[in-house]
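Below is one structure; the comments refer to it alone.
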Amino acid sequence: MASGYDIKDLEYWDSCVREKVEEFGLSVYPQEFELCDSGQMLSYMAYHGMPSHYSHWSYGKAYERLKTLYDYGVTGLPYELVINANPCLAYLMRKNSLCLQILTIAHVYVHNDFFKNNITLRHTNAGQIFSTFKARADRVRGYVEDPSIRFGRVEGVLDAAHALSFQCERNLEIRKLSREQQIAHTIAAAQSLVDPYRRIHEHAPFIEPDLNKDPLEPEENLLLFIRDHNPRLSAWEKDLLTIVHEEAQYLAPHIHTKIMNEGWATYWHWRIMNSLELPQDLHLEFLVRHNQVVRPIPGEINPYHLGFKVWADIRRRYDDPTPDEIDNYGPPQKSGAEKIFEVRECDRDVSFLRRFLTKELIREFGLFQYAIKGDALVATKVADEEGWHEIKETLLRNVGMGGVPVIRVIDADHGRKGQLFLRHEHDGRDLHLEYAERTLSHVHELWGRRVVLETILDDEQYLLQIDDQGFSTKLIH
Amino acid sequence: MKTVFRPYSTSEGLRSDRSAGDRLRHRQKVRKAIRSNLADIIAEEAILTKAPDRVIKVPIRGIREYRFIFGENAPRVAAAGNAEVEVGQIVGTASDKKGGLPSAGDRPGLDYYETDITIEELVDIMFEDLKLPELERKKLRENLVVHGTQRLGYRRVGVRVQLDRKRTVRSRLRRQVAARGVERDSWSQEPRLSFHRDDLRYRRRVPNLLPESNAVVICIMDTSGSMDVMKKYLARSFFFLLYQFVRTRYQNVDLVFIAHHAQAREVNEDEFFHKGESGGTMISSGYRKALEITQDRYHPSLWNIYVFHCSDGDNFPSDNLDAEKAAQELCAVCNLFGYGEIKPSGPVYNDDSMLKIFESMDAVNFCAFEIASKEDIWPSLQALLSRERPNMEAGV
């Protein structure tokens, strides 16, 4: 323990913070804190914070990279690492000052509240998460140690599965239709609409839907689809795909809510700390630390800064709207506190920013849009009257899982040859060709037969194909 | 619902290095990636002729984690902070963005990977499975070569994997007995005596040195006027790698340096690598000098002899016959004779080539190759040093 305080002090301050947390109406899972040193922190970071996790070289790579960056002082370590679990687990750095520990404890409680209450994070199964991860680690170790499988093959499947792990459902709130429902849906869609002018309109010919097609509706979960449709995979391979998929499904909601979550924690730690009546020296240190966290970083998006400002702005607009805002949107129906608690429950980054990132805020942040020209990053739009809307749209496309291209399975038996047909849902952004090629070769490893990906490159439609002969591209006219 | 605080444990056991295995595996992949990119890396000028302890940055491409990501046409948004940004303003360079943390959907540059490696380590990787080919048993065997390590006794300090548990337990028992000097029966009532640092016994490993036959490597370089800066650079790079190879892999292999133009003379290492000369070219002079040296100091019955020669092949025509004859004599006494012709492509260079003249050489231990650019250096050296015995193949 660093000098100046001990566990007793932490427990004292924890109870103070805890009181405030309840007073402000945050509702949390039970909380556990663990004090750790920098080496442990690096290890936890490399393994997504999990106390046990299956082993794969990419985590060794992550560790080396974090350690190098830390050793050379490029980045510091985070003040804390908090795991979405019930009871919620957070690691505190033992060398941090008392003020930082109090700040971190407050911050952790608010993350905890967000984990418990946000709808996107509802699917993460926080109650069993540690035992789930432990069980997965044990299973993977079992396969590695199985003499009939060998380490190299396990690693190969994990390499391939990692490449596709985030090609999974974006929104678990959207109910997946069962096969029967999909059939009904397809038949209904094939019927021509009731047309009041059918007497003068030409009849649209009835096209009989192919009900044997698989999948009937485009499928987003690549790993699960391959698992369920490639009979050549052995049980352990299928299990590895499941493990990687489930882990991505656990991590994805945190990516979807990064800005909201950090902003929420920052907003409330700021309120809590200000209400704690800290001694003056601690309070001054708090102000310094807080401002370091929420400072805008030129050339990047700081989620702490952005989220903090947006949350504070929502509250202000409902508690204390300007006359202009009342003119435009009418008088608020709710108090600011009610509103932010509602938003904390039902939004994710994309909807949060779409609803609450105003033109004024975009201007205040000095957001701008840039593109790569040669080796230079050139600003293409700035937050003025013409530019702000497009900047907002671009930002919305990039937050959350927006940075991951949407790839869907269209047909598992393309050309009646068992080929896998995938389609990239192009939204104006092209795929990175080299990465697409290498990732497709991973799909090919898992699928075992030819894989075709339809995409658009430079406004032309292409088929990217990979089979035993290698990779090729084909232009479609 | 009470909050739990788990204090920091000072016990090392609870702070085991869980990522060690994954780091090791990652490191193996890095080494493999370096090996497969060696020709590119060696071609970097920084590596050739540099001090061995220098650290260089090696780009690694083999161990990226590929995912579907967006390409460069995708626009992105950033905050300007307090600065004003105008349309068209250059706000940074794409390469600056490299080296950040990779995360889902990041731009490709972020997963670009560089690793630090010393030249010594690199050389180590390069020469991992190369050796002087066709080493024969000779009478003198003073050349000590490291063949892995072997066990030799025990010691009190060492690395964990070498811990000898049996001996450690035994020395603890010994200490226990010495501490109390009591009857065996009363042991069980005593409090458990824990291990002490002094109890630990580690197996000691020492390099396994085995004598091998003596060998000498003779480097002959053309330093005539026609060898311009580029050619000299290529020739020196070749010899530098060869020199590194001999120095890292063999402790007692002799090196002889001969520089020749119309005359040849033996030079030291420093002169060979750093001094230039000029004049006409008589290749035979270099070979004669090599023959002379082998007669004087390295008799073929006692020594394995390797001769390597680099030249641009621009020989005096009158000397060609002589050169071929000398080359044949050299082949008769040495284990391997490698001739490298430096021919950077370009119209200014003439077509004179010793390769044509040497075509008629039928000695199995003769090997000619061409170096057109720095990318050729490593493959040709590799080919030379991993040569299978051609006469053995012919015998089958």
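The chains referred to below are lettered A, B, ... by the order of the sequence lines, with proteins before strands, and numbering in each begins at 1.
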**Request:** Over all heavy atoms of both residues, which pair between A/Val382 and B/Val85 is shortest? Give the atoms and the distance, please.
**Result:** CG1-O, 3.2 Å
**Message:** Report which part of A/Tyr91 has an atom under 4.5 Å of a heavy atom belonging to chain B: side chain, backbone, both, or neither.
**Reply:** neither
**Request:** Please tell me if the side chains of B/Arg67 and A/Tyr435 come closer than 4.5 Å, counting only heavy atoms from C-beta onward.
**Result:** no
**Asked** Is it the side chain or the backbone of B/Gln28 that comes within 4.5 Å of chain A heavy atoms, both, or neither?
**Response** neither
**Request:** State whether the number of non-hydrogen atoms from other residues, nucleotides or ligands found under 6.0 Å of B/Asp198 atom CG is greater than 12.
**Result:** yes
**Request:** Return the set of residues passing salt bridge (charged side-chain N to carboxylate O under 4.0 Å, His left out) with A/Lys392 (not counting sequence neighbours), or none when no residue passes.
**Result:** none
**Message:** Looking at A/Tyr12, I want to see if its OH is surrounded by more than 12 non-hydrogen atoms of other residues, nucleotides or ligands under 6.0 Å.
**Reply:** no
**Prompt:** Given that the side chain runs from C-beta out, which part of A/Ser165 has a heavy atom under 4.5 Å from chain B: side chain, backbone, both or neither?
**Reply:** both
**Asked** So how far is it from B/Lys29 NZ to A/Lys61 NZ, rounded to the nearest 0.5 Å?
**Response** 10.0 Å
**Selection from A/Lys381, A/Glu34, A/Lys373 maximising heavy-atom pairs under 4.5 Å formed with chain B** = A/Glu34
**Message:** If I take atom CD from residue B/Gln89 and atom CZ from residue A/Phe368, how far apart are they, to the nearest 0.5 angstrom?
**Reply:** 8.0 Å
**Asked** Looking at A/Asn398 and B/Pro75, what are the two nearest heavy atoms and their distance?
**Response** ND2-O, 3.4 Å
**Request:** Give a yes or no on whether B/Ile90 atom CD1 has more than 12 heavy-atom contacts from other residues, nucleotides or ligands under 6.0 Å away.
**Result:** no
**Request:** Run the salt-bridge test on A/Glu155 and B/Arg25 with the 4.0 Å N-O cut-off and return the result as yes or no.
**Result:** yes
**Message:** Can a donor-acceptor pair be found, under 3.5 Å and without considering hydrogens, that links the side chain of B/Arg18 to the backbone of A/Gln40?
**Reply:** no
**Item:** Stepwise side-chain hydrogen bond (donor to acceptor under 3.5 Å, both in side chains) test for A/Asp159 and B/Tyr66
**Value:** CA-CA 9 Å; A/Asp159 284 354; B/Tyr66 290 95; over 6 Å; no
**Asked** Can you tell me how far the OH atom of A/Tyr47 sits from the CG atom of B/Asp22, to the nearest 0.5 Å?
**Response** 3.5 Å
**Asked** Among A/Glu32, A/Arg18, A/Gln31, which one satisfies side-chain hydrogen bond (donor to acceptor under 3.5 Å, both in side chains) with B/Thr3?
**Response** A/Arg18
**Message:** Out of A/Asp427, A/Leu453, A/Leu367, A/Leu306, return the one with the most heavy atom pairs under 4.5 angstrom to chain B.
**Reply:** A/Leu367
**Complete:** Of A/Asp14, A/Leu457, A/Ile362, A/Leu433, the largest count of non-hydrogen pairs under 4.5 angstrom with chain B goes to A/Asp14
**Asked** Going from CZ on B/Arg6 to CZ on A/Phe33, what distance comes out if it is rounded to the nearest 0.5 angstrom?
**Response** 11.0 Å
**Item:** Portion of A/Leu42 that has a non-hydrogen atom of chain B nearer than 4.5 angstrom
**Value:** neither
**Request:** Could you tell me which of A/Arg295, A/His162, A/Glu437 has the largest number of non-hydrogen atom pairs under 4.5 Å with chain B?
**Result:** A/His162
**Message:** Please determine whether side-chain contact (heavy atoms from CB on, under 4.5 Å) holds for the pair A/Ile105 and B/Phe5, giving the CA-CA distance in whole Å, both sets of side-chain angles, and the decisive distance to 0.1 Å.
**Reply:** CA-CA 11 Å; A/Ile105 289 171; B/Phe5 274 93; 3.9 Å; yes
**Message:** Under a 3.5 Å cutoff, is there a donor and acceptor pairing between the side chains of B/Tyr8 and A/Asp37?
**Reply:** yes
**Request:** Evaluate salt bridge (Lys or Arg N to Asp or Glu O under 4.0 Å) for A/Glu64 paired with B/Arg27, printing each intermediate quantity in order.
**Result:** CA-CA 9 Å; A/Glu64 296 263 17; B/Arg27 199 70 208 157; 5.4 Å; no
**Item:** Heavy-atom pair count under 4.5 Å with chain B, highest-scoring of A/His53, A/His56, A/Glu11, A/Gln167
**Value:** A/His56
**N/O donor-acceptor pair under 3.5 Å between B/Asn73 side chain and A/Asp430 backbone** = yes
**Request:** Check the pair B/Phe68 / A/Leu164 against side-chain contact (heavy atoms from CB on, under 4.5 Å), numbers first and verdict last.
**Result:** CA-CA 8 Å; B/Phe68 287 115; A/Leu164 304 178; 4.0 Å; yes
**Under 4.5 Å from any heavy atom of chain B - which part of A/Leu395** = both
**Item:** Residue part contacting chain B, namely of A/Ala436, when any heavy atom lies under 4.5 Å
**Value:** both
**Prompt:** Could you state the interatomic distance from CD1 (B/Ile69) to CZ (A/Arg429), rounded to the nearest 0.5 Å?
**Reply:** 11.5 Å
**Message:** Return the CZ to OG1 distance between B/Arg76 and A/Thr380, rounded to the nearest 0.5 Å.
**Reply:** 12.0 Å
**Prompt:** Who among A/Gly387, A/Ala371, A/Ala163 has the most heavy-atom pairs with chain B under 4.5 Å?
**Reply:** A/Ala163
**Prompt:** Got a sec: does the CD of A/Glu425 have more than 12 other heavy atoms crowding it under 6.0 Å?
**Reply:** yes
**Message:** Suppose we screen for salt bridge (charged side-chain N to carboxylate O under 4.0 Å, His left out). Which residues come up paired with A/Arg141, at least two apart in sequence or across chains?
**Reply:** A/Asp138
**Asked** Taking the inter-plane angle between the rings of B/Phe70 and A/His424 on a 0 to 90° scale, is it parallel (under 30°), tilted (30 to 60°) or perpendicular (over 60°)?
**Response** tilted
